[in-house]
Each structure stands twice: as C-alpha cells, then as structure tokens.
Amino acid sequence: MILLYDTLHNKKELKEIFRDGRFKISAAIVFLLAVVAFFVTYKQYKNTAAQYNEAKVNERKVWESQGAKNPHSAAHYGNYVFKPKSPLSLIDEGVDKYTGISVFLEAHNRNEAAFSDAADQTALSRFGALTPDFILLYIIPLIIILIGYNIFSKEIEGSTFFILKSQGVVGWKLFVGKWLAALIPTLVIATVLFVVATVALTSLNDFGLFEWKEIFALYFVYLLYYLIFTNVVLFISSKVKKSGIALVINLVFWVLACFVAPKVASNLADAKYPYPSHQEFNEQIANESKQGLDGHNPWNEESQKLRVQILKEYKVDSVHKLPFNFNAYLMQKGEEYQAQVYAKHYALLKEKAKKQGGVYKSLSAISPFLPTRFLSMAIANTDYESHWAFTEAAEEYRVAVQRFLNGTTEKNAKYNERYVAPADTWSKLEEFNYESPTFSEVYKQNTSVFFVLVIWFVLTAALLFFTNKKY
C-alpha cells in the first residue's frame, strides 16, 4: 500500500478502478449474489443441522424401543446412521449434494449412502446453483478480468508510457503499482465474503466445530487463486495492444480454465480408470460370497469345515455340548466373511477412485481452477475422500453392530433355541459417532496439490515480471 500511494499515477489508477461504473455495477452484483447465496445457504444448513440432530435422536429412540426381540430379527430390522454436515460446507458444498447423507445398516448387506440433495432436484440443477463456492471460483475471476484486462493495454493504446516516464515515474514502481491496483479491489471483495462466512459460522449452534486454521487456509487458497488470475490477466493486457482483443483473450482463458479443463480432466480420468457398472459390481460381490461361509446355511461346505474345527478345538462330539450357541457363532463368522468380501471389492473401487483422483491432480498443471477446487473441497471436508471416510466408518459400525447382536445370542441362548433378548438389550449398543478427518490429515493428503497451486503463482508472477522489466 505504501508503494501504491508513493506515486500520483498509482493513486489515480486505483481511483479510476473504484470510480469506474463497470466495477461499481459488477461489484454490487457480486455482493448482492453473495448475500443471497450466503443467506440461502445459511438457512438451508440451519435446517439441515436441525434435521440431522432430530433424525439422529429419533433413530436411536426407534432402535432402543424395539422391545423384546430375537437379536437376528433386530439385525434385519436395521438402523440408519447420518453424516454430519461439515461447518465449512457453508462455503463449499463440494460433492455432498451428490453422495447421500445417510446409510442403512443391516445384516449381510453393505448399503451405499442414500438421500442426496441432487436426487430431489430437477434437470435445471445441472446448470449449477448460486452458492458461495460458485461465486468464489467462477464470478470473482470475472471481476479480475473486468478490472485488469486494459490496465496495460490502455497505456499502449494511448501511448502514455513515455509521458509517465518523462514525469519521473520509475518503471518498476509503475508496474507494481498497476499490479496492486488490479489486485486490491478483488482482495476487498474476497475478504468481505470470508468475513461474512466466518460470522455466519460462529453464529450457528449445534453445527459442529471448526478450526480457525481451516478457514484461514481456505482464504489463503483462494488468495493464491486470485493472484494467479491477476498475473495472467495483467500479462495478457501487457502483451496485447488492443483492449478489446485483451478482453476476449482473457474471457477465453477463463472459459478454458474454469469449464473446459475440469471436463477434460474428468473425461480422461474416466477413460483411463473406468468404474464397473453397478450391476457388475454387485455380481462380483455375489459370486465371491457364494464361494465362502454362509452363516444361514449350516450344510454349506465352509460351514461344515468350521463345525469340525470347533468341535475338535473344544474336544466335544456335538455342537449341543459347546459352551456357546453355535448357530449364532456360525452367523457371526458368516458376517465376518461377508464383510471381508465387501471390504475387498470396495477397496478395489476406492483404489480406482484414488487413481482417478491422481489423474485429476496430475492435470492440475493445465488450470489453476483444478488445484483450487480440490483444496477447497478437501479443507471443507466435502470431497470424495471425506465421503469415503464416512462410508467406511459406517461399515465398521455395521460390523460392530452384527458382532454385538450375534454375540448376545451366542452368550445367552442354547443351540437351536429361539432366543428372545430383553427390551433393554438395544440400549447397550454404543451409538455411532463419526469424526471428520482433521486439518493435518487433509493437508498431508493434498500437499502435492497445494504445491501445484504455489507453482502456478510463482510461474505466472515470474512470467509477468520478467516479460515486463522494460516498464
């Protein structure tokens, strides 16, 4: 700021930007859109938080009020677990609207997350929604273009560089002053938006806890993003003699960076590491499940092997003489085998997702939008990694529930006895508690993406500076 106000021209540059009718109108539109986006998102997430708390309490009440019942019947009765909303999803909703918010847990089956917001929306939702991340990722770069597309080209068109130098303006001060003049209005807009978001977050009750370093990290990521766009816009302005042509080239860069590059990256990743269809995936699991232990079929080959092994281990000649209920034991072993099958195939699916993510991240070099998008979702805990963490936690809990229910029968019932557990049994099951990945974990997983964004800034800054040393 001291450097900017050291020269009369730099004062004039900043005043012209703030007085420019285009900037005033566009800034007003952005603030209006931002207010609407934050208001709508704020109200929506308050409702979501209330619904989450209500659903969690009600589901627990339903589970505990089953009354006297056979534990395996309770296993098939099942229960739901719900994914808590990340506080920073107020800023970046990421993939949460597409991935589902709850998982139904039952015996023998691993179900996928369901009840996504996108499932209830019309085809118009494909065109995008007015959300804070949409404004931060797409609209503010347009403001940068509007501010800076002619910041150098107008001097070229008016042949005023020699006049400025004849007045004693130092070239590098002129250059840095124009860079700051183009950047400061954007920083003001972005800072105001993040302050509003922070105030909104701190005013929410029962919406989870967030670390201050998370929101500062998110702000820093977007700051780098805007610095990169500023560097590119000013570079184009300094090399193109006509302001109109500079504007067109900048808009083409915006379209390529924000729309074309993500689509290209997505298509390349899908082509290189395609997912199996839902039917193929389920068939693979079903075929492998048939080859192993079936807890419902004591005459299954693997079940018979287990029976012989247990009788030999306990040195008895009949399952009636075992110190536990063999039916429940067999049921639990069947659940464990089934869980291993699911774990194996979901691990393969996750590995494919990881490889696709690797393709996305390796292509971050073609657009600053990609690393910014990845980091924004990761810090907000609304990316696919966060979704996988929730579904795996839900599966671990499902396996623990089956172990608890089968263990209850195994310890309290005789062989072939229809056991009915007392009504207070269900309250002894621990509740599902999910904790999102910490900021440190997120940073470790995305260090390479962060460095790509830093490299984008360094390269664009170097390109802008070294090609404009004459100023």
To the nearest 0.5 Å, tell me how far Lys43 NZ sits from Asn47 CG.
7.0 Å

Mark yes or no: Lys69 above the aromatic ring of Tyr77, with NZ or CZ under 6.0 Å from the six-membered ring centre and no more than 45 degrees from the axis.
yes

Between the OG1 atom in Thr48 and the CD1 atom in Ile101, the distance rounded to the nearest 0.5 Å is 7.5 Å

So is Arg307 actually on top of Phe326's ring, under 6.0 Å and inside 45° of the axis?
no

Would you say that Thr447 contacts Val449 through its side chain, given a criterion of any heavy-atom pair below 4.5 Å between the two side chains?
no

Do the side chains of Lys305 and Glu302 get close enough for a salt bridge, i.e. N-O under 4.0 angstrom?
yes

Backbone of Ser65 reached by a side-chain donor or acceptor of Trp426 within 3.5 Å
no

Flag side-chain contact, heavy atom, 4.5 Å: Val359 against Gln356:
no

Under 3.5 Å, side chain of Tyr273 to main-chain N/O of Lys354, donor-acceptor pair present?
no

Is there side-chain contact between Phe194 and Val199, with at least one heavy-atom pair below 4.5 Å?
no

Please set out all donor-acceptor pairs under 3.5 angstrom arising from side-chain atoms of residues 328-336, sequence neighbours excluded.
from: Gln332; atom 1: OE1; to: Asn406; atom 2: ND2; distance (Å): 2.9
from: Gln332; atom 1: NE2; to: Glu336; atom 2: OE2; distance (Å): 3.2
from: Glu335; atom 1: OE1; to: His108; atom 2: N; distance (Å): 3.4
from: Glu335; atom 1: OE2; to: His108; atom 2: N; distance (Å): 3.0
from: Glu335; atom 1: OE2; to: His108; atom 2: ND1; distance (Å): 2.8

Euclidean distance, Glu93 CD relative to Thr41 OG1, rounded to 0.5 Å
7.5 Å

How far apart are the closest heavy atoms of Ala182 and Leu234, and which atoms are they?
CB-CD1, 3.8 Å

Using a cut-off of 6.0 Å, state whether more than 12 heavy atoms not belonging to Phe451 lie near its atom CZ.
no

Which atom of Ala413 lies closest to which atom of Asn325, heavy atoms considered
O-CB, 3.3 Å

Could you walk me through whether Asn79 and Glu59 satisfy the side-chain hydrogen bond (donor to acceptor under 3.5 Å, both in side chains) test, starting with their C-alpha distance in whole Å, then the side-chain angles of each, then the deciding distance to 0.1 Å, before giving a yes or no?
CA-CA 7 Å; Asn79 63 321; Glu59 182 63 22; 5.1 Å; no

Give a yes or no on whether Glu313 atom CD has more than 12 heavy-atom contacts from other residues, nucleotides or ligands under 6.0 Å away.
yes

Residue among Val255, Asn250, Leu256 satisfying side-chain contact (heavy atoms from CB on, under 4.5 Å) with Val252
Leu256

Check the orientation of Phe220 and Phe450. Use parallel for under 30°, tilted for 30 to 60°, and perpendicular for over 60°.
tilted

Do Asp133 and Ile91 touch side chain to side chain, with heavy atoms closer than 4.5 Å?
no

If the plane angle is over 60° it's perpendicular, under 30° parallel, otherwise tilted; pick one for Tyr434 and Phe390.
perpendicular

Taking atom CG of Leu405 and atom CZ of Arg403, what is their separation to the nearest 0.5 Å?
11.0 Å

Among Tyr225, Phe369, Phe229, which residue meets the ring-ring contact (aromatic ring centres under 6.0 Å, His included) test with Tyr138?
Phe369

Any donor-acceptor N/O pair, Gln304 side chain to Glu301 backbone, under 3.5 Å
no

Any donor and acceptor pair, going by atom type alone, linking the side chain of Ser89 with main-chain N or O of Lys85 inside 3.5 Å?
no

CA sep, side-chain torsions, deciding dist, call: Glu288, His345, side chain to side chain contact (heavy atoms under 4.5 Å, CB included):
CA-CA 10 Å; Glu288 186 165 348; His345 287 275; 2.8 Å; yes

Report yes or no: does Ser362 contribute a side-chain atom to a donor-acceptor pair with the main-chain N or O of Gly358 at less than 3.5 Å?
yes

Does any donor atom in the side chain of Asn231 or Trp179 lie under 3.5 Å from an acceptor atom in the other side chain?
yes

Heavy-atom distance under 4.5 Å between the side chains of Val95 and Met377, does that happen here?
yes

Asp92-Ser376 side chain donor-acceptor pair, cut-off 3.5 Å:
yes

Nearest non-hydrogen partners of Ala257 and Pro262, listed with the distance
O-CD, 3.6 Å

Have a look at Glu392 and tell me which of Arg398, Lys350, Lys83 forms a salt bridge (Lys or Arg N to Asp or Glu O under 4.0 Å) with it.
Lys350

Side-chain heavy atoms of Lys56 within contact of Phe432, under 4.5 Å:
no

Before you tell me yes or no, could you show the steps for Tyr342 and Asn109 under side chain to side chain contact (heavy atoms under 4.5 Å, CB included), namely the whole-Å CA-CA distance, both residues' side-chain angles and the distance that decides it to 0.1 Å?
CA-CA 9 Å; Tyr342 275 118; Asn109 295 313; 3.6 Å; yes

Check: Tyr149 side chain, Ile144 main-chain N or O, donor-acceptor pair, under 3.5 Å:
no

Please determine whether the number of non-hydrogen atoms from other residues, nucleotides or ligands lying under 6.0 Å from atom OH of Tyr419 exceeds 12.
yes

Without hydrogens or angle criteria, can the side chains of Glu112 and Thr391 be said to hold a donor-acceptor pair below 3.5 Å?
no

With no hydrogens and no angle check, do the side chains of His387 and Asp383 hold a donor and an acceptor under 3.5 Å apart?
no

Value rounded to 0.5 Å, distance of CH2 in Trp456 from OG1 in Thr460:
7.5 Å

Counting distance only, does the side-chain N/O of Ser386 pair as donor-acceptor with the main-chain N or O of Asn381 below 3.5 Å?
yes

Intermediate values then yes/no, side chain to side chain contact (heavy atoms under 4.5 Å, CB included), Leu311 and Asp317
CA-CA 6 Å; Leu311 291 177; Asp317 57 5; over 6 Å; no

Between Tyr337 and Ser289, do the side chains contain a donor N or O and an acceptor N or O under 3.5 Å apart?
no

Report yes or no: does Thr191 contribute a side-chain atom to a donor-acceptor pair with the main-chain N or O of Leu187 at less than 3.5 Å?
yes

Determine whether more than 12 heavy atoms belonging to other residues, nucleotides or ligands lie under 6.0 Å from atom CZ of Phe259.
yes

Determine whether a donor-acceptor pair (N or O, by modelled atom type, separation under 3.5 Å) exists between the side chain of Gln445 and the backbone of Val442.
no

Do Val399 and Glu395 come within less than 4.5 Å of each other through their side chains, counting heavy atoms only?
yes

Between Ser448 and Val452, does the side chain to side chain contact (heavy atoms under 4.5 Å, CB included) criterion hold? Intermediate values first, please.
CA-CA 6 Å; Ser448 61; Val452 169; 5.6 Å; no

For Phe457, which residues count as a ring pair (Phe, Tyr, Trp, His ring centres under 6.0 Å) partner, sequence neighbours excluded?
none

Test item: side-chain donor near acceptor, Glu106 and Asn111, under 3.5 Å
yes

Straight-line distance of Thr230 OG1 to Leu183 CG, nearest 0.5 Å
5.0 Å

Look only at the side chain of Ser303 and the backbone of Asp294, and say whether a donor-acceptor pair between them is shorter than 3.5 Å.
yes

Could you walk me through whether Tyr314 and Phe324 pass the ring-ring contact (aromatic ring centres under 6.0 Å, His included) check?
CA-CA 11 Å; Tyr314 281 86; Phe324 53 85; 5.4 Å; yes

Under a 4.5 Å cut-off applied to non-hydrogen side-chain atoms, are Tyr397 and Val103 in contact?
no

